[in-house]
Amino acid sequence: MALITFINHKSFFTNLNYHNNKNLSFFFFFSSKSQQQEKPFCTSVETIVTLLKSCSKKTHLLQIHSHIIRTLLIRQQIILTSFLSCVALSPLRDLKYSNRFFAQIRKPDCFNFNTMIRAYSQSDFPLEGWKFYNEMRERGIRPNPLSSSFVLKSCTQVSSLIGGRQIHARILQDGHQSDCLLLTALMGFYAFCENGTDARLVFDEMPQRDTVAWNVLISCYARNKRIRDALILFDVMQNPEYGSKPDDVTCLVALQACAHLGTLEFGERIHRFIDEHGYGDATNLRNTLIAMYSRCGCVDKAFRVFQGMSERNVVTWSALIHGFAMNGHGRDAIEAFREMQRMNVPPDEQTFTGVLSACSHSGLVDEGMMFFERMRTEFGISPSIHHYGCMVDLMGRAGYLDQAYELIISMTVKPDSAIWRTLLGACRVHGHVALGEHVVSHLIELKAQEAGDYVLLLNTYASVGDWDKVADVRRLMKEKGIQTTPGCSTIELHGQVHEFVVDDDSHPRMKEIYAMLDEIEKQLKIAGYVAEVSSELHKLSAQEKGFVLSYHSEKLAIAFGVLATPPGKTIRVAKNLRICTDCHNFAKALSSVYNREVVIRDRSRFHHFRQGNCSCNDYW
DNA sequence: GTAGGGTTAG
């Protein structure tokens with residue numbers, strides 16, 4: 001009896017360790033003993049609640065269940081609530097059991113309903129939570145903001161825009177339109193559904209906006225192709241009118257936007273902000289900094305961040321490897337991979353994507369094959385579509401087109417349009433017309449053909465001089481109303497991003513830019529630069545081709561760079577498509593004649609031009 | 001004496 005008093009003693013349970021099974025064993029010992037002796041074993045409600053928290057096995061839960069039934073504790077709402085939370089939400093989650101238990105509760109309250117909705121939102125059947133959400137309304141129980149927030153989570157899980165809109169309407173009906181956390185969740189939902197307009201509307205309607213609300217809006221813009229707006233918000237939120245201070249998450253999201261846009265100056269500014277505000281130790285921020293610098297073409301700065309880190313995880317190493325890969329430092333990427341193994345950091349899927357793409361960008365065919373094999377045999381990672389993509393690129397660039405085709409056919413995963421497109425690119429480089437046509441038929445089968453694919457096919461014909469076929473494809477594109485993506489290049493100057501498209505005349509300094517471009521061409525021609533006419537698609541006279549080539553967007557951006565920056569300053573340009581041979585030659589010549597370093601990021605990688613050479617060794 | 005919500009790394 002003394003012992004029973006002891007187990008009931010409050011101090012014992014307030015000090016107990018939740019994961020200490022000793023306490024449970026104690027409890028079960030007394031419980032079964034009292035059952036044998038048919039004597040009631042009294043426990044306080046608090047004891048049961050505390051014990052429930054330390055449950056790590058379902059058998060324990062069942063024993064507690066039978067105990068609370070025997071001791072009539074089942075009548076107490078607090079026990080029911082705790083028990084339901086335990087069955088529905090702890091790692092022991094069992095939805096069938098939760099449902100049965102829920103049905104036993106005579107008067108379930110809002111909290112009980114929320115528990116069920118929340119449990120389903122985390123399960124494989126998220127929409128089942130709706131039933132409970134509707135039932136509580138039918139029973140006249142008013143949902144609180146959390147009820148809506150849990151159903152919203154279910155809608156996000158299944159990307160149900162209609163469901164989310166219904167919740168939105170209910171939030172207004174229930175008068176929860178001032179709940180900042182709920183509205184932030186709603187914004188997050190719209191952002192997830194790529195609906196930036198509605199996310200913005202919710203944001204505008206919020207009575208108060210804290211940093212998290214700003215973060216959601218910035219991340220929404222960054223993910224939905226409004227990257228420049230995302231960066232503008234980083235400054236806007238700090239205006240005295242709004243007075244929100246960016247936190248570590250704001251910096252992280254903004255850095256991702258900088259990486260996308262290739263805006264080095266803005267990225268550096270955020271880097272300083274991070275250090276000044278003491279966020280600098282966070283591994284996730286450091287990892288994103290590595291990615292940002294790499295994607296802005298500054299591997300040395302990325303490496304400096306890497307060196308300054310006291311803790312490095314698989315993400316850190318993968319970011320570094322990816323950085324080396326996209327900047328053409330294939331050997332360094334492989335060395336980093338080896339170093340990572342020496343440090344006993346196990347690689348994952350994304351590490352190998354980096355290693356394989358490093359091999360493909362640097363033409364390391366044998367090494368790539370070896371890593372692809374080791375990935376499966378040594379590390380037990382089965383190849384994803386991305387790994388196959390790297391291998392097709394690797395083999396395709398090296399001219400093993402048929403083997404690349406065989407690899408696609410042998411894949412365990414269904415080939416997507418991106419992988420066929422990679423092979424199509426290789427067909428263009430090697431002038432393999434027959435395979436190119438075959439690949440296009442695969443794309444048509446997938447109903448995934450894009451303007452760029454026709455352009456690649458057209459280029460393949462052009463590369464072997466089949467101008468009739470080129471004209472056919474052009475006609476076909478015209479008939480189908482397919483429009484090509486216009487080439488677009490950006491250059492950052494004093495934190496401002498300047499954008500150029502083909503034949504652009506919208507820039508305020510356009511006259512000067514064209515004059516500068518003419519002057520540059522004149523100087524380069526003296527040094528031996530000849531316009532590469534095969535890059536141009538149209539069947540034009542050589543003179544006309546030369547004329548059209550002069551206005552490629554990257555040339556305009558470079559001319560603006562020469563015009564607007566002091567001599568010797570590196571010119572950094574980002575382009576949405578892949579750079580053409582002519583512009584590549586142009587940049588190479590310029591880097592030597594004007595003694596300028598030029599860094600161009602195209603759709604797939606970086607080109608560092610220095611003294612007449614490119615880091616890609618004309619291999620891209 | 002119960003007690004759950006929003007953003008975030010390669």
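In the text below, chain A, chain B and the rest are named by the order of the sequence lines, each starting its count at 1. Since the structure is predicted, the reported quantities are computational estimates derived from the model, not experimental observations.
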Legend entry - A:Gln104 atom CD: more than 12 heavy-atom contacts under 6.0 Å: yes
Legend entry - Test item: A:Phe352 and A:Phe337 side chains (from C-beta on) under 4.5 Å apart, heavy atoms: yes
Legend entry - Distance-only polar pair, side chains of A:Tyr190 and A:Asn224, donor-acceptor under 3.5 Å: no
Inset, instruction - Classify the nucleic acid contact of A:Thr288 as base, sugar-phosphate or nothing, counting any heavy atom under 4.0 Å across all strands shown. - result: sugar-phosphate
Inset, instruction - Describe the nucleic acid contact of A:Thr351 in one word from base, sugar-phosphate, nothing, applying a heavy-atom distance below 4.0 Å. - result: base
Inset, instruction - Please list, chain by chain and in numerical order, all residues satisfying ring-ring contact (aromatic ring centres under 6.0 Å, His included) with A:Phe111, sequence neighbours excluded. - result: none
Inset, instruction - Assign A:Ala213 to base, sugar-phosphate, or nothing according to its heavy-atom contacts below 4.0 angstrom with the strands shown. - result: base
Legend entry - A:Thr250 side chain to A:Asp247 side chain, donor-acceptor N/O pair below 3.5 angstrom: yes
Legend entry - Contact list for DNA chain B against residues 105-112 of chain A - heavy-atom distance below 4.0 Å: A:Phe111
Inset, instruction - Identify the residue among A:Asp281, A:Asp275, A:Asp248 that makes a salt bridge (charged side-chain N to carboxylate O under 4.0 Å, His left out) with A:Arg286. - result: A:Asp275
Inset, instruction - Could you pull out all residues at least two apart from A:Trp317 that satisfy side chain to side chain donor-acceptor pair (under 3.5 Å)? - result: none
Inset, instruction - Could you list where the contact with chain A starts and ends along DNA chain B, reading 5' to 3', using a 4.0 Å heavy-atom cut-off? - result: B:dG1 to B:dG10
Inset, instruction - Kindly state whether the ring of A:His168 and the ring of A:Phe189 have centres lying under 6.0 angstrom apart. - result: no
Inset, instruction - Under 4.0 Å between any heavy atoms, over every strand shown, what does A:Val212 touch: base, sugar-phosphate, or nothing? Just pick one. - result: base
Inset, instruction - Please work out which residues in residues 297-314 of chain A have a non-hydrogen atom less than 4.0 Å from an atom of DNA chain B and list them by number. - result: A:Asn313, A:Val314
Inset, instruction - Give a yes or no on this: more than 12 heavy atoms of other residues, nucleotides or ligands lie within 6.0 Å of atom CD of A:Glu311. - result: no
Inset, instruction - Indicate the ring-plane relationship of A:Phe234 and A:Phe266, choosing parallel, tilted or perpendicular according to the 30° and 60° boundaries. - result: perpendicular
Inset, instruction - Verify the distance criterion only: is there a donor paired with an acceptor across the side chains of A:Ser318 and A:Thr351 at less than 3.5 Å? - result: yes
Inset, instruction - Compute the ring centroids of A:Trp214 and A:Phe203, then answer whether they are less than 6.0 Å apart. - result: yes
Inset, instruction - Could you check which residues of residues 242-263 of chain A get a heavy atom under 4.0 Å from DNA chain B? Sort them by number, please. - result: A:Val249, A:Leu252, A:Gln256
